[in-house]
Structure formats: C-alpha cells, structure tokens
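What you are looking at is a predicted structure, and each value in this text was computed from that prediction instead of being measured. Lettering follows sequence order; numbering is per chain, from 1.
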Number of protein chains: 2
Amino acid sequence: MAQGKKSTIKDVAREANVSISVVSYVLNASAKKSITPETRERVLAAASRLKYVPNHAASGMRRNRSMVIGVVSYWELDGMVFTDMLRGIMREAAGSGYRVMLCHKDSQADDKAYLDYYKERSVDGILFISPHESLGLIDEADHIRLMRESGVPFVMMNGSTNDPDVSYVNVDYHASVYLAASHLIGKGHKEIAYAAPMNLRYRELTSRLQGYRDAMAEAGLPERCVDPAELRDCLPELRAVVANKSDTGHAVLEAARVLGIAVPDQLEVIAANTESYSAYLCPPLSTVRIPAERMGEMAVEMLLRRIDGQGVPEVRTPTCTLELRQTCR
Amino acid sequence: MAQGKKSTIKDVAREANVSISVVSYVLNASAKKSITPETRERVLAAASRLKYVPNHAASGMRRNRSMVIGVVSYWELDGMVFTDMLRGIMREAAGSGYRVMLCHKDSQADDKAYLDYYKERSVDGILFISPHESLGLIDEADHIRLMRESGVPFVMMNGSTNDPDVSYVNVDYHASVYLAASHLIGKGHKEIAYAAPMNLRYRELTSRLQGYRDAMAEAGLPERCVDPAELRDCLPELRAVVANKSDTGHAVLEAARVLGIAVPDQLEVIAANTESYSAYLCPPLSTVRIPAERMGEMAVEMLLRRIDGQGVPEVRTPTCTLELRQTCR
DNA sequence: CTGTTAGCGCGTTCAC
DNA sequence: GTGAACGCGCTAACAG
C-alpha cells in the first residue's frame with residue numbers, strides 16, 4: 001500500500017554493504033571508476049530491491065544540471081503546429097533523459113518571467129517558440145537580448161530575427177508556398193493566383209509571397225495576387241489558387257460555394273499550411289504539411305548541444321510536404 | 001553582456017553585511033522571525049541589486065517540495081480539450097507559485113514511467129488526464145492503484161473509474177447532451193434524434209446517451225437513436241439531430257449535403273462537444289462547449305490541496321454551455 | 001528581539 | 001573501494 005517512503009542512496013549503500021560513493025559510481029556507470037562485477041551486482045540488486053530512484057534535485061544541484069528544458073510558447077497552444085512541436089520535443093527530450101517544463105510568461109505581454117526558470121536552475125535551456133508573425137505581438141529581438149544577457153542556452157523556433165549568433169529552427173514559409181505553386185504548375189495550370197492578406201510587414205507573409213513569385217517566375221508564368229476580401233469578385237475568373245494558410249483556403253472554399261463554383265472541378269485550391277480543421281473543410285482542403293514534429297526534435301537536439309557547450313548557432317528549416325485531399329489532387 | 005554568473009544567497013548575505021540565515025528569513029517572510037525593517041531593506045536592496053533568484057532545486061530539497069506539478073496526458077495533445085485544459089492548468093499553477101512539467105509515459109502502452117517523476121522529487125503531484133474513453137486504451141484503475149502505492153498526490157481529469165478515494169475533475173458528458181437536446185426541445189422540436197456510435201462499452205458514450213434519454217423523457221418525447229453509419233438512410237426523415245461529438249456532427253452535415261438537405265432550414269444540428277474545427281464546418285456547427293480551461297484550474301486547486309495534506313477526495317464536473325453557430329440557433 | 005552558527009537534505013567527485 | 005568536501009538554501013538552537 002501507500003509505500004510512500006522513498007529510499008535514498010544511503011539505504012542502497014547499507015543494503016549492499018558498500019559505501020555511498022560506490023553506489024553512485026555503479027549507477028552512473030562512471031567510466032573512470034572500475035568496480036568489481038560482483039560488487040556491481042550487489043549494488044544493482046539492492047537498488048532494484050529498494051526501488052531506488054535517484055533524487056533528481058540533489059544530483060542536479062551537484063552537477064549543476066537540472067536535466068530539464070523549458071518551453072516558452074507565444075504560439076497559440078491550440079493549432080496543429082504547437083501540438084506537433086510539443087510531441088516532437090517530448091519524444092526527443094525523453095530519449096535524451098531530459099524532462100520538459102512549460103514556462104509561463106506572466107500575463108503582462110512584455111513580461112519575461114520565464115528567465116527566472118533558468119536563474120533558479122529549474123531548466124538548463126529554453127526552447128522559445130515565436131508566435132505567427134502575422135500577430136506581431138512580441139519584440140523578438142528584445143527577448144533574444146535578454147536571454148543572451150541571462151546566459152541561458154536557447155533555441156528559437158519559428159524565429160524571424162536574423163541574428164547570426166542564434167540558433168533557429170524555422171518554418172520554411174517560402175518553400176511551403178513554392179511547393180504548392182509548383183504542384184499546380186506541374187498539373188499544367190497556367191494561371192495560378194495567390195490568395196493572402198497583402199500585408200507585408202511580417203517575414204512570414206513576405207516569405208510566402210516570395211515562394212509564390214519564385215515558382216511562377218521559374219515557370220515563366222504571370223503572377224496574380226488576390227486579397228481574401230476580394231475573393232467574391234475575382235474567383236469566377238480563376239482556375240487555381242494557392243492560399244497562404246488554411247484559413248484563407250477556407251475563405252476561398254466559402255466564396256466558391258456561394259458563387260456556385262465546383263471544387264476541384266472548376267477550381268483547384270491548395271493551402272500552404274495544415275490546421276486541425278483542414279481535413280474537415282468541404283471539400284477537404286489539400287495542404288502543405290509543415291513538419292512541426294520534426295522541428296521539435298531538431299530543436300531539442302540543437303539545444304542539448306548548446307547546453308553542452310558544443311554546437312554553433314545554425315539555422316535549420318526542415319522541408320514541407322504535400323498533403324493532398326479533395327481540393328486538388 | 002553574458003552575465004552568466006548566478007548569485008547565491010551567500011552573495012546577497014555578503015553584499016548586505018548579514019548572515020545567510022537573515023537573508024533566508026527576509027526573503028521567505030518567515031513569520032516566526034522578526035527582522036529590523038532597516039536590515040530587511042538592506043537585504044532586499046542587495047538581492048535586487050544582484051538580481052538574486054533562489055535556487056529552486058536547493059530550496060526544494062530542503063523543504064522536500066519541488067513546487068512543480070506533473071501533467072501526464074493520455075488525451076490527444078491536439079484537440080481543443082487538452083489545450084484548453086493546459087491553459088487553465090498553467091494559469092492556476094503559475095498563480096500559486098507552481099511550475100508545470102510534462103511527464104512522458106514511455107512509448108510502451110503499459111508503461112508508468114511518469115511515476116518516477118514523483119519518486120525522484122521532480123514533481124509534488126500529478127494531474128492525470130485520461131483519454132477519451134471511446135479509445136479505451138488504458139487501464140485506468142491500474143494507473144490509480146500504482147499512483148496510490150507510490151504515494152503521489154494526484155487528481156484524475158476525465159476519469160471514469162468511480163473510486164471514492166480519488167479526486168476527479170470530470171467532463172459532464174450527461175449534461176452536455178442533455179443541454180443540447182433541451183435546447184432543441186425548447187425550440188419546439190418534437191422529434192429529435194440522437195446520432196452516435198451505439199457502442200456502450202464506455203462511460204462517455206453511455207453518459208451521453210443517458211443525457212439524451214433524460215431530456216426526452218422529461219419532455220415526454222419519443223427517443224430515436226441513429227448510428228452514424230446509417231445517416232444516409234434516415235436523415236431525410238429527421239428535422240433535428242443531437243450529435244454526440246463534433247465528428248459525428250460533421251458526418252451529419254456531410255450526409256445532409258449529399259442528400260440535398262438544407263441546414264439549418266430543413267434540419268437543425270447540435271454537437272455535444274467543441275473541436276477546433278467545429279466553427280469551420282459548413283455551415284459552422286453549433287455545439288456545446290466543455291469548460292476545459294476551468295477544469296484545468298479546478299484540478300490544480302484540488303491537487304495543491306491534496307499536496308498540502310488538506311482536502312478530501314471529491315468529484316467535480318463543471319457545467320457546459322451552448323455555443324450556437326449556424327446549424328442551430 | 002535581532003542575528004549567528006551549524007547541521008541537514010542527497011548525490012557527486014576528488015584524494016587517499 | 002572509502003571518506004569527506006561540496007553545491008545551495010532552510011531552519012533549529014544558540015548568543016548578544
């Protein structure tokens with residue numbers, strides 16, 4: 001029953017008739033120390049008999065490592081990208097013996113409470129997930145500056161500041177749209193419009209737009225950009241649309257429905273990201289899938305290297321893939 | 001610049017010309033110790049000057065409290081309920097000075113790796129989120145038994161085992177469907193069907209069904225249950241449908257579209273839960289909203305009381321609310 | 001009443 | 001293979 005009592009290294013030492021340090025050596029498989037196989041066995045047996053689990057806090061204090069990484073997200077918690085990232089982060093962290101702690105940021109928009117997580121030794125490093133830039137609600141450079149000053153190892157996910165001394169794992173916005181446009185080009189379309197808000201204040205939006213432009217230019221095709229608000233007017237003239245995101249894709253499908261345009265027969269549509277609802281649209285929206293889970297894994301790998309003092313700043317942007325459904329085959 | 005060096009309680013003591021213990025007394029506002037306001041000020045000033053942040057690991061070890069709660073989720077990470085819960089958990093935990101750690105469960109379906117989080121003092125208690133029961137992929141009673149044996153304070157979220165010695169924060173499945181059906185009844189509908197898989201092995205499904213039955217019985221109306229697979233055949237006869245979940249709601253809308261049935265004019269639909277895609281269906285699906293964020297807050301409150309040794313086992317099921325969109329006003 | 005000394009909690013690691 | 005210092009903060013017991 002409620003066994004409660006946790007056993008310590010001392011208990012194991014006593015049980016195995018050895019000194020505390022031997023237990024430590026055996027359990028940590030210290031390379032420099034050679035322990036008699038026989039003693040080793042005694043210790044291992046004692047440990048398992050007592051269901052010994054090392055006190056993480058204590059060992060962390062000694063080695064000055066908490067074996068925990070912090071995740072601070074300005075990205076919406078719902079939404080497929082965050083949850084996918086989280087899965088990747090969890091898997092990779094667990095595989096490396098690290099735990100994952102969610103860092104809160106205090107309600108104030110400008111608060112950096114998460115920095116204390118490092119100062120108080122609760123985390124060894126931080127994975128910082130920037131919001132969709134289209135929201136433009138944080139000063140990323142400022143966060144970077146403060147993290148630098150506090151000395152915390154960190155990796156930016158979905159970052160936009162192009163700081164050469166910082167590690168980034170980014171979404172390949174350019175490629176996501178390039179891929180979508182290329183697919184339509186490959187299907188023989190000559191007139192492919194790009195539907196997206198034409199606000200170019202954020203890198204996310206400019207990168208995506210550029211992806212469209214590059215694809216069209218390489219194919220020698222004319223560009224045509226459409227703002228979601230104007231869809232009702234120009235949709236009848238179009239045969240193929242790349243939407244910057246699934247919400248725009250949704251707007252396109254809505255407009256098509258109202259106008260009586262059949263999708264995909266009269267109009268093909270691809271959106272450059274996947275949301276949890278993409279598959280539920282009517283008809284199910286073809287998309288480009290952002291490899292967020294893989295991004296999470298990569299970010300952890302990079303962060304652990306930085307924590308170890310190895311690894312130099314680098315930028316990685318894993319490639320997207322097509323996820324075709326009904327609105328475009 | 002990279003200031004790195006973290007200051008310790010010793011540094012503060014030296015800076016303020018007092019002993020270590022005084023610093024501790026001041027910073028922890030120890031009731032039993034009265035410190036001269038003047039000394040107090042000196043300490044406070046020194047601490048803020050040095051940007052002192054207590055070493056969480058060290059203090060935790062001494063007080064035998066990590067000030068961290070663990071979250072282990074068998075619920076899908078995507079999906080609105082989990083992310084909503086997470087938000088509530090984070091807010092409430094932060095407000096009480098607690099941190100949140102995500103506990104992994106090792107890939108093996110039957111692994112209880114998360115128990116080590118408590119044994120190694122990484123967490124003071126656990127919030128256990130059960131999966132949709134319809135998935136039926138864990139042995140909840142077994143998890144409860146093991147958590148009990150390990151002595152970890154815990155609260156079950158969305159639990160189904162009806163153990164009187166355990167604290168639960170549950171989804172009010174019964175009320176969610178009851179509410180949806182009552183709304184349709186209030187609108188004057190006489191024939192209201194219930195669309196759901198008719199598998200009754202899981203409490204989630206039976207509770208929902210019972211909610212429908214109770215609402216109908218109280219209004220003296222006849223029951224009519226429909227399996228999602230049979231929708232195409234019987235939908236033309238129906239004027240109002242309660243769907244157990246949004247995915248069934250989606251199936252109803254799909255069938256209606258294929259059959260040329262206008263929603264909501266010829267057919268009204270409400271689903272008894274909200275998913276991130278509910279609003280994106282065509283037309284946007286009216287739903288019942290599960291107060292998952294509130295559930296997260298409540299669960300943390302209850303868990304903290306249990307950690308403190310106060311608080312007795314209790315079951316709480318916060319009430320759902322209507323979230324009307326287009327498929328039913 | 002204010003402040004100090006000393007030991008503790010638990011595991012790591014160096015010197016013997 | 002052992003002993004003991006150490007990391008950092010908390011707090012009981014003690015001194016001024």
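Residue A/Arg121 has a polar side-chain atom (N or O) positioned under 4.0 Å from OP1 or OP2 of D/dC8.
Whole-Å rounding puts the A/Arg65 CZ to D/dG7 C1' distance at 15 Å. Regarding A/Glu120, its CD atom lies at a distance of 13 Å from the C1' atom of D/dC8, rounded to whole Å. For A/Ile9 and D/dT2, the CD1 to P distance is 12 Å, given to the nearest whole Å. Distance CD (B/Glu38) to C1' (C/dC1): 15 Å, rounded to an integer number of Å. B/Leu27 places its CG atom 13 Å from the P atom of D/dT11, with the value rounded to the nearest Å. Nucleotide C/dG9 holds its P atom 14 Å from the NZ atom of A/Lys6, rounded to whole Å. Between B/Lys119 atom NZ and C/dG9 atom C1' there is a gap of 20 Å when expressed in whole angstrom units. Note: CE (A/Met61) to C1' (C/dC10) measures 7 Å, nearest angstrom.
Pairs engaging residues 291-304 of chain B under the side-chain hydrogen bond (donor to acceptor under 3.5 Å, both in side chains) rule: B/Arg91-B/Glu293, B/Arg91-B/Glu297, B/Arg294-B/Glu297 [sequence neighbours left out]. Legend: salt bridge (charged side-chain N to carboxylate O under 4.0 Å, His left out) pairs involving residues 302-311 of chain B, not counting sequence neighbours, sorted by first then second residue: B/Arg65-B/Asp308, B/Arg305-B/Glu314. Listed by first then second residue, pairs satisfying side-chain hydrogen bond (donor to acceptor under 3.5 Å, both in side chains) with a partner in residues 54-64 of chain A read A/His56-A/Arg99, not counting sequence neighbours.
Residues from residues 13-24 of chain B lying near DNA chain D, meaning a heavy-atom separation below 4.0 Å, are B/Ser21, B/Ser24 in numerical order.
Across all strands, A/Asn28 comes closer than 4.0 Å only to sugar-phosphate atoms, never to a base (heavy-atom distances).
DNA chain C is contacted by both A/Lys10 and A/Lys32; A/Lys10 maps to the nucleotide lying nearer its 5′ end (nearest heavy atom per residue). Comparing B/Lys33 and A/Val53 against DNA chain C, the residue whose closest nucleotide sits nearer the 5' end is B/Lys33.
With rounding to the nearest 0.5 angstrom, the CZ atom of A/Arg87 is 12.0 Å from the CG atom of B/Leu102.
Legend: residues meeting salt bridge (charged side-chain N to carboxylate O under 4.0 Å, His left out) with B/Asp163, ordered by chain and number and at least two apart, are B/Arg148. Not counting sequence neighbours, the partners of A/Ser66 by the side chain to side chain donor-acceptor pair (under 3.5 Å) test are A/Asp124.
Of the candidates D/dG9, D/dG7, C/dG11, the closest approach to any side-chain atom of B/Tyr52 belongs to D/dG9.
For A/Tyr25 and C/dC14, a side-chain-to-base donor-acceptor distance below 3.5 Å is present, hydrogens and geometry of angles not being considered. Looking at B/Arg62, its side chain comes within 3.5 Å of the base of C/dC8 through a donor and an acceptor atom.
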Residues A/His104, A/Tyr117; criterion side chain to side chain donor-acceptor pair (under 3.5 Å); working and verdict: CA-CA 9 Å; A/His104 77 281; A/Tyr117 281 77; 2.9 Å; yes
